[in-house]
Every structure is written in structure tokens, then in C-alpha cells.
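Every number for a ligand or one of its atoms is a count from 1 in the order of the listing. Excluded from the calculations below are hydrogen atoms, water molecules and symmetry mates; all remaining heavy atoms, backbone and side chain alike, are included. Here the structure is a predicted model, which is why all the values come from computation and not from measurement.
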Amino acid sequence: MHFVDLEAQQKRIVHTIEANIQKVLHHGKYIMGPEVEELETRLAKYAGVKHAIACASGTDALLLALMAYNTSPGHGILTTPFTFIASSEVISLLGGVPVFVDVDPVTFNIDPEKLEQTIHSYKTSDISLKGIIPVDIFGIPADYDAINAIAEKHGLFVIEDAAQSFGAEYKGKKSCALADIACTSFFPAKPLGCYGDGGMCFTDNDNLAEILGSIRLHGKGSFKYDNVRIGINGRLDTLQAAILLAKFEIFPEEIKLRNQAAQRYNSLLSSQKSIIPPQTPEGIKSAWAQYSILLKDEDHRSQIQENLKNAGIPSAVYYPRPLHLQSAFVDLNYKQGDFPVSEEICKRILSIPMHPYLTYDDQKKVINAILNKESENE
Ligand SMILES: *Cc1c(COP(=O)(O)O)cnc(C)c1O
């Protein structure tokens, strides 16, 4: 059984993928070819956002967004410690300071109440808070109504880390349309993945769109050798755009299939008390980047991991260690106990196979492997 089944997906669209690659080989525009702009147009329309700026990875998308806001030493950016390192490393890379805020125990996304408290506690600090990077963890959008209201009140920008949530919905809006700038990733295992690295920024703001596009191309001005700001080489390869165009044709259907798979897991787990399935708040549709269950404690998780392993079923822990306890961030002077909710989730979370091509039989096998051990214990 696969954790993510890219083979089954490829089988469905292999002819389109090959034809799209052939087109690129034929026209030879490997850098910023027509497929890049076509992909930007299509994904912007899907997300309901005016501008999309394709780039080299999800990490670069976040970097471009922070650079567009001139993030510099002494600037504090609020974000969550329960995420992948990329959400925070880009802040440090620019000399900024990641300011962590604990997450909500139900959605595992940044907790708006604690966000507001943290902002108040920094009022007298040397660090000047500039923005917020909420992360839509596992594909579930954070609470943007609350977050955007807090941001507006305190004059902060909001960058949606939508690396895991492309295709999700929040109160009738699509993920990537929920903040000033949104950043997604096309890493192969993400809901919409390419065959290498890729990413995209989204914004409704014309000025930000122009700046993001310029930074992506070495700070380009009116022509290639007119450099008006410091930028990066942050382009998406034409070949990856061509592959994404083929994959995007079946993407809306794949999101539906992921949802159906999630519903089936939910009902297979419904008689359980010791396993908490993912909780999707009212008005939110997950993109189901992961189906992550919350177990009783670390021992319980080890047992279930072992059960799954014995049954030949892959599972993964996202994430075993919160960012405030990573060696890379020792200089921030955080310690164990600072963000108890994130620390606790890191001990109890477990992600099980999730992709559009999971069958009911596969899912029964997964749940049986988990529950057999359960019944032995009770
Ligand atoms: C994957 C991921 C990223 C980084 O994306 P890459 O394309 O791998 O650079 C950033 N944030 C989160 C939450 C992610 O899951």
C-alpha cells in the first residue's frame, strides 16, 4: 500500500503528461515558457485570485512574499511552531525573527486568541511585529476571519502558508484567496504536485503581484538587464508547469476523491474513543494533504505505528518536534513547555495513507491494523 499513490495518478494522465512534455521539447522555451503563464492563469482562476506568480518551490514562494514586504533584521513575524521548518526558516533567512504562537488543539492551526495575546506582549519589545504566517496544516485552512481582523487592527500583513491546502475551502472561498499573499507548494506529495520542485504565490494586490514577479526574476525592472531591486532566481521550470497543467485537469475530481476517502476513514473510526480523527470546523473543506489521527499518548502512537508496520502499511509522524525546540532556532531562546499544545500534538499525531486512489478495502485494512491492537489492549 502507498502512503501517496503517484503511480495510480500517472496511469490516468500519462498521455497528456507526455504530450505536454513533448510540446516543451518542441518549442524549447525551458525558462519562462508559455506553459508557466498558462498555469498561472488557470490556477489564479481556480483559486479566485487576480494574480498568480509561479516559482521554484513552496519555500521560495514564502521567501518571495516576505521579501515583497521588505522583511529585515529586527522584524518579527508571527507563526506556528507546529509546521514544517520552511514556514519559519524563510523569516530567519532574511534576518527576521520568528515569533511563535501556539496552535488550537482541535485544528492544529494558529490559535487567534493566543495570537492576540502574543501581539500585546510584544508591544514594548525591540522586535517590531510586521506580519503573520498562518499555516493551513494538513490541508485545513486556519481561521482567517479572526486572523485577518487581528492583523488589520494591529497593522500586520498576512501570508497564508497554503503549501498543504491548495484545493481547500474556507467559508465559500478557496485556499490561496484567504490573505494578502498566499503561498503554495507543488512538491510531489502535496495535493497538487509536480515531478520535482515548484511553488506559487497568489495575491489580489496589483502592486504586490508586480513586486513578487520582479523578485522572482532577480529584481527585474522594465527589461532583463534593468535590475531595480535585489531578487532571486526563483522561477518555475517550464517542464514542471507542463506537468502541472496535465495534473490540474483531474485535480478538482481528485479533491472530491480525497474527501470521500476521508469520510470513509471517519466512519470506520466512528466507534472509537481512543482515536480522534481530523476535525474540520463548520464552513471548512480540507484539501486532505494528510489524514492525521490524534492518539492517547506517545506509547499509544508507538503501538499503532508498530501495528501498521507489521501489516505492511506506511504511516508518518508530521511533525515529531515543534519548531521552537529545533536546534536551528536555539538562538530564539524558547524552551520545552513554551507551547504545550504543539508539544503535545507532536507526541500524539500520526498520519495514515491518504490519496485520491485509496479503495475502501485498503482503508479497512488500515483501520483493522490499527484497531486489532486496540482490542488486544482493552
Ligand atoms: C511543503 C511545505 C513547505 C515548503 O514547500 P517546498 O515546495 O517543499 O519548498 C512550506 N510550508 C509547509 C507547511 C509545507 O508543508
Side-chain angles (χ1 to χ4, degrees), residues 3-4 6 39 43 52-67 77-94 98 100-101 103-104 107-110 131-142 144 147 158-168 175-176 178-179 181-202 212 216 232-237 240-241 243-244 247 258 278 286-292 316-324 326 328-329 342 345-346 349 351 354-355:
F3 192 69
V4 171
L6 295 176
L39 182 73
L43 298 200
I53 299 94
C55 61
S57 68
T59 307
D60 269 2
L62 291 164
L63 184 64
L64 291 172
L66 286 175
M67 287 176 80
I77 311 292
L78 299 130
T79 187
T80 138
F82 184 67
T83 178
F84 181 58
I85 184 80
S87 315
S88 278
E89 88 187 319
V90 285
I91 303 168
S92 298
L93 202 56
L94 294 172
F100 293 121
V101 177
V103 296
D104 176 275
T107 62
F108 317 144
N109 283 326
I110 200 163
I132 310 166
I133 305 183
V135 179
D136 303 338
I137 206 77
F138 302 147
I140 296 179
Y144 287 93
I147 294 164
V158 182
I159 297 171
E160 177 187 0
D161 182 343
Q164 302 181 7
S165 61
F166 191 73
S175 168
C176 291
L178 305 175
I181 301 177
C183 302
T184 198
S185 163
F186 303 129
F187 182 83
K190 307 283 165 139
L192 179 62
C194 57
Y195 289 153
D197 280 304
M200 197 170 271
C201 292
F202 296 85
L212 290 164
R216 165 184 67 175
I232 63 170
N233 174 357
R235 299 172 299 236
L236 177 72
D237 291 345
Q240 297 302 346
I243 289 157
L244 284 163
K247 289 203 182 196
R258 281 176 189 272
S286 178
W288 299 106
Q290 302 295 342
Y291 188 94
S292 306
V317 174
Y318 300 119
Y319 294 90
R321 188 185 297 166
L323 297 189
H324 67 286
Q326 293 287 354
F329 290 129
S342 298
I345 297 165
C346 286
I349 202 80
S351 302
M354 171 48 81
H355 58 79

Q) Do Thr83 and ligand 1 have an N or O pair less than 3.5 Å apart? A) no
(Q) Students often mix this up, so state it plainly: with edges at 30° and 60°, are the rings of Tyr318 and Phe3 parallel, tilted or perpendicular? (A) tilted
(Q) What I want to know is whether Thr59 and ligand 1 share at least one N or O pair that is separated by under 3.5 angstrom. (A) yes
Q) Okay, side chain of Thr184, backbone of Ala162: is any donor-acceptor separation there less than 3.5 Å? A) yes
Cut-off 3.5 Å, no hydrogens considered: what does the side-chain donor-acceptor table look like for residues 190-200, sequence neighbours left out?
unit_1, atom_1, unit_2, atom_2, d
Tyr195, OH, Gln10, NE2, 3.2

(Q) Looking only at distances, can you tell me whether any N or O atom of Gly58, backbone or side chain, sits closer than 3.5 Å to an N or O atom of ligand 1? (A) yes
Q | Beyond-backbone contact of Gln326 with Ser88, side-chain heavy atoms, under 4.5 angstrom | A | no
Q. Quick one: nearest non-hydrogen protein atom to atom 11 (N) of ligand 1, plus distance?
A. Asp161 OD2, 2.8 Å
Q: Scan Ile91, Ile132, Leu94, Val90 and name whichever one has a side chain to side chain contact (heavy atoms under 4.5 Å, CB included) with Ile77.
A: Ile91
(Q) Contact between ligand 1 and Ser87 is defined here as a heavy atom of the residue under 4.0 Å from a ligand atom; is it met? (A) yes
**Q.** For Ala163, atoms of ligand 1 separated by under 4.0 Å from a heavy atom
**A.** 2 (C), 3 (C), 10 (C), 11 (N), 12 (C), 14 (C), 15 (O)
Q: Only heavy atoms count here, so choose which of Phe187, Phe138, Phe186 is nearest to atom 8 (O) of ligand 1.
A: Phe187
Q: May I ask you to decide if the ring planes of Phe202 and Phe166 are parallel, tilted or perpendicular, using 30° and 60° as cut-offs?
A: parallel
**Q.** Minimum-distance protein heavy atom relative to atom 1 (C) of ligand 1
**A.** Lys190 NZ, 1.5 Å
Q: Just jot down the ligand 1 atoms closer than 4.0 angstrom to any heavy atom of Ser185, in number order.
A: 5 (O), 6 (P), 7 (O)
Q | Check: Lys247 and Leu6 side chains under 4.5 Å, non-hydrogen atoms | A | yes
Q.
Only heavy atoms of Val135, strictly under 4.0 Å: list the atoms of ligand 1 that pass.
A. 13 (C)
